[in-house]
Amino acid sequence: MVDHIIEVRNLDKSFGDRKILNGINVDFERGKTIVIMGGSGCGKTTFLRILIGMLRPDAGSVLINNIDIVKADEDQLIELRKKFGMLFQGSALFNSMTVGDNVALALREHTDLDEEIIRIMVKIKLEMVGLSGFEHLKPAEISGGMKKRVGLARAIAMDPELVFYDEPGAGLDPVVMAVIDKLIFDLSKKLGMTSIVVTHEMESAFRIADKIIMLYEGKILEQGTVDEIKNSKNPVVQQFITGSAEGPIALRRSGEDYFKELTEES
Amino acid sequence: MEFAIRALEHIGKNARVFLSHLSSLYSLMVSNFYWTFIAPFKKGQKGLSREHVSYQCVFMGNKSISIVFLVSLFMGMIMAMQTAYLLKKFGVVMYVGSLVAVSMCRELGPLLTAIVIAGRAGAAITAELGTMKVAEEIDALEVMGINPVRYLVVPRILALVIMLPCLTMFADLVGIYGGYLIGHYSINIPTGLYIQKTIDALVLKDIWTGLLKSFVFALIIGFIGCYEGLIVKGGAEGVGKATTISVVASITLIIFADCVLTSLFYFVFV
Ligand SMILES: Nc1ncnc2c1ncn2[C@@H]1O[C@H](COP(=O)(O)OP(=O)(O)OP(=O)(O)O)[C@@H](O)[C@H]1O
Ligand SMILES: [Mg+2]
């Protein structure tokens with residue numbers, strides 16, 4: 001039997017009258033790396049936010065380790081979240097703290113470890129993302145890509161069993177991205193962490209994914225291994241992989257509608 | 001007719017928004033109470049961080065003490081001149097000290113200090129929490145399993161509740177000294193007589209009612225400041241708006257609470 005760390009059932013979410021997620025059903029297998037893909041604004045971040053219980057869905061359930069995070073109470077949530085790590089799309093570092101304190105915060109708050117040990121652990125995590133020696137800088141003093149990496153170090157500070165990455169590769173150069181990919185890959189293969197990665201970078205997705213999930217118009221359009229996705233017959237998936245402007249994914253309505261809208265009296 | 005209906009609709013909508021704010025503010029208070037008095041004594045819970053509370057205390061005190069000093073010094077001087085104007089008519093100008101002392105301790109010390117702190121610390125709290133909210137830092141705390149009320153709100157409220165009464169006592173003293181400066185050097189009341197009249201007039205109740213007021217004011221500043229910060233939406237503009245609202249709302253509420261408390265002390269607990 002396959003061991004699922006997360007089971008998502010019939011998830012719906014709307015903002016106003018815009019339906020963002022529409023009846024999502026999906027399972028995440030423990031210890032695997034799952035990549036979520038989809039166009040900009042299709043609801044990937046929203047989906048992650050629901051998974052970690054920061055956003056309430058309109059309907060449906062999210063079972064994490066068999067606890068429904070939608071109905072969980074405050075204490076249950078805190079216990080669950082100690083086992084989570086999350087890398088935010090915008091890093092979300094604590095600007096009033098140094099890089100080192102950012103990484104150390106969860107350790108200080110959730111463990112009784114000595115300050116000396118925490119310092120060493122912080123050094124190790126920063127080393128992993130190639131940033132040792134930057135402990136004493138404030139987030140305002142480092143670049144966007146470096147912030148991403150500090151965010152990553154912070155996400156894995158507690159050696160969580162489940163890590164969510166919201167676009168870890170955005171804003172990184174190809175070499176650093178490859179290093180980060182390798183890190184995510186190693187964490188899941190060597191430490192058995194489950195990684196859920198949102199990304200637009202096809203190359204990186206193909207490098208790390210055990211399974212790829214493609215979101216489109218609020219539904220799961222396609223899911224499968226890297227090869228299955230690469231060989232998918234679905235035109236939307238193909239357009240996304242090849243990154244062409246022509247195809248079923250349209251940014252705007254047909255030319256005629258657009259013209260009408262522009263010239264219409266409001 | 002249609003206008004009346006629309007007006008009613010408008011009022012109804014605003015009332016609903018207001019009520020929903022009230023209920024969220026109430027739950028913030030409940031949760032603050034829980035994390036201050038109950039959670040730290042539960043097994044396996046991280047207690048309050050004394051470091052954070054003392055950091056906030058130093059931060060608030062440091063930022064405001066010079067302004068509190070100036071404002072209350074001037075207020076004491078103003079009060080001395082204003083009361084002397086009236087007392088001279090009755091030929092009892094040596095009572096200036098009594099009037100200044102009583103009005104500083106009962107009313108002006110707590111009120112002025114609270115207003116200064118609302119503008120200084122209250123605004124800073126809203127701006128800081130609002131900026132954190134906008135930058136998703138508060139979300140990040142939550143995801144790490146760190147309750148934002150425990151980590152951010154409780155230390156600030158505690159610091160205010162400790163610091164505001166302290167600053168108020170300081171303001172009382174400085175105000176009385178300001179009154180003395182005018183009373184002695186300009187109205188020529190002898191130092192001994194001025195002190196005598198001050199001590200004679202003050203009773204313990206004047207002081208503790210003032211401190212009780214400042215305790216209530218501290219809660220108002222803290223909760224409004226934190227609440228407005230935590231609900232900020234919409235970037236830097238939202239933070240600016242929330243900071244203004246926070247200061248205006250706290251000062252209005254402070255004066256309203258002052259009125260209620262003063263009438264309680266006057267009519268009920270005579
Ligand atoms: N708090 C909110 N209120 C209203 N609408 C929202 C809110 N959050 C997100 N949305 C809308 O939901 C949709 C999905 O947003 P989301 O951030 O999940 O997209 P995304 O897939 O992560 O996009 P990207 O790849 O650009 O990060 C967007 O159209 C956005 O406008
Ligand atoms: Mg996103």
Side-chain angles (χ1 to χ4, degrees), chain A residues 45-46 48-55 64 69 72-97 101-113 115 139-140 147 150-152 154-158 160 162-166 196, chain B residues 24 27-28 30-35 38-52 55-56 58-59 124-156 229-236 239:
Chain A
T45 300
T46 308
L48 283 194
R49 285 178 167 273
I50 293 175
L51 290 187
I52 52 178
M54 308 253 300
L55 204 62
I64 298 188
I69 200 156
D73 63 26
E74 175 82 28
D75 288 344
Q76 276 176 316
L77 267 183
I78 288 182
E79 279 314 307
L80 265 178
R81 282 169 173 168
K82 286 182 189 171
K83 298 179 197 134
F84 289 4
M86 166 129 185
L87 169 62
F88 282 79
Q89 191 165 3
S91 304
L93 299 183
F94 304 115
N95 283 306
S96 59
M97 298 180 199
D101 288 341
N102 262 283
V103 181
L105 182 67
L107 295 166
R108 293 206 178 111
E109 290 295 320
H110 293 317
T111 67
D112 293 318
L113 295 173
E115 198 50 34
K147 280 186 199 166
V150 176
L152 184 57
R154 185 178 73 180
I156 58 175
M158 293 273 287
L162 179 59
V163 193
F164 299 90
Y165 305 87
D166 200 347
I196 297 174
Chain B
S24 339
S27 44
L28 177 67
V30 171
S31 146
N32 182 72
F33 182 85
Y34 171 80
W35 288 104
I38 300 172
F41 305 103
K42 267 199 187 164
K43 254 212 167 105
Q45 281 280 9
K46 267 264 155 141
L48 280 175
S49 152
R50 209 171 298 146
E51 220 171 291
H52 284 163
Y55 173 81
Q56 289 295 333
V58 172
F59 176 75
I125 289 173
T126 308
E128 194 182 358
L129 296 194
T131 312
M132 290 185 77
K133 166 85 185 185
V134 172
E136 290 188 312
E137 289 179 36
I138 300 208
D139 294 344
L141 273 182
E142 261 182 88
V143 175
M144 293 166 109
I146 299 173
N147 185 296
V149 174
R150 171 175 80 79
Y151 192 75
L152 298 171
V153 176
V154 171
R156 285 172 172 76
L230 289 176
I231 61 164
V232 164
K233 276 203 191 96
V239 177

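Below, read A as the first sequence line, B as the second, and so on, with proteins coming before strands; counting in each chain starts at 1. Atom set for the values below is all heavy atoms of this structure, side chains included, hydrogens, waters and symmetry mates excluded.
- Taking B:N32 as the reference, nothing meets the side-chain hydrogen bond (donor to acceptor under 3.5 Å, both in side chains) condition, with sequence neighbours excluded.
- Interface residues of residues 126-134 of chain B toward chain A, defined by a heavy-atom distance below 4.5 Å and sorted by number: B:M132.
- Heavy atoms closer than 4.5 Å to chain B are found in the side chain of A:F88, but not in its backbone.
- Side-chain contact between B:D139 and A:R49: present, with at least one pair of heavy atoms (C-beta onward) separated by less than 4.5 Å.
- Contact detail for B:Y151 and A:M97: the closest heavy-atom pair is OH-CE, 3.3 Å.
- For B:E142 against A:R81, the heavy-atom pair with the smallest separation is O-CD, 3.1 Å.
- Residues B:A135 and A:N95 share a closest heavy-atom pair of CB-ND2, 4.5 Å.
- Summarising the geometry of B:V143 relative to A:M86, their closest heavy-atom pair is CG1-CB, 3.5 Å, with the distance given to 0.1 Å.
- Heavy atoms closer than 4.5 Å to chain B are found in the side chain of A:I52, but not in its backbone.
- If you measure heavy-atom distances from A:L80 to chain B, you find no contacts under 4.5 Å at all.
- B:E51 meets the side-chain contact (heavy atoms from CB on, under 4.5 Å) test with B:S49; sequence neighbours excluded.
- Between B:I146 and A:E109, the shortest heavy-atom contact is CD1-CG, 3.6 Å.
- For the atom pair B:K42 NZ and A:D75 CG, the distance stands at 5.0 Å (nearest 0.5 Å).
- Both the backbone and the side chain of B:L141 come within less than 4.5 Å of a heavy atom of chain A.
- Neither the backbone nor the side chain of A:E79 comes within less than 4.5 Å of any heavy atom in chain B.
- Partners of A:L162 according to the side-chain contact (heavy atoms from CB on, under 4.5 Å) rule, which considers only residues two or more places apart in sequence or in another chain, are A:I5, A:I6, A:I64, A:F84, A:F164, A:T194, A:I196.
- For A:D73, the CG atom counts as densely surrounded, since its 6.0 Å shell holds more than 12 non-hydrogen atoms of other residues, nucleotides or ligands.
- The two atoms that bring A:R154 and B:A140 nearest to each other are NH2-CB, 3.5 Å, heavy atoms only.
- If you take CD on A:Q89 and CD on B:E136, they are separated by 8.0 Å, rounding to the nearest 0.5 Å.
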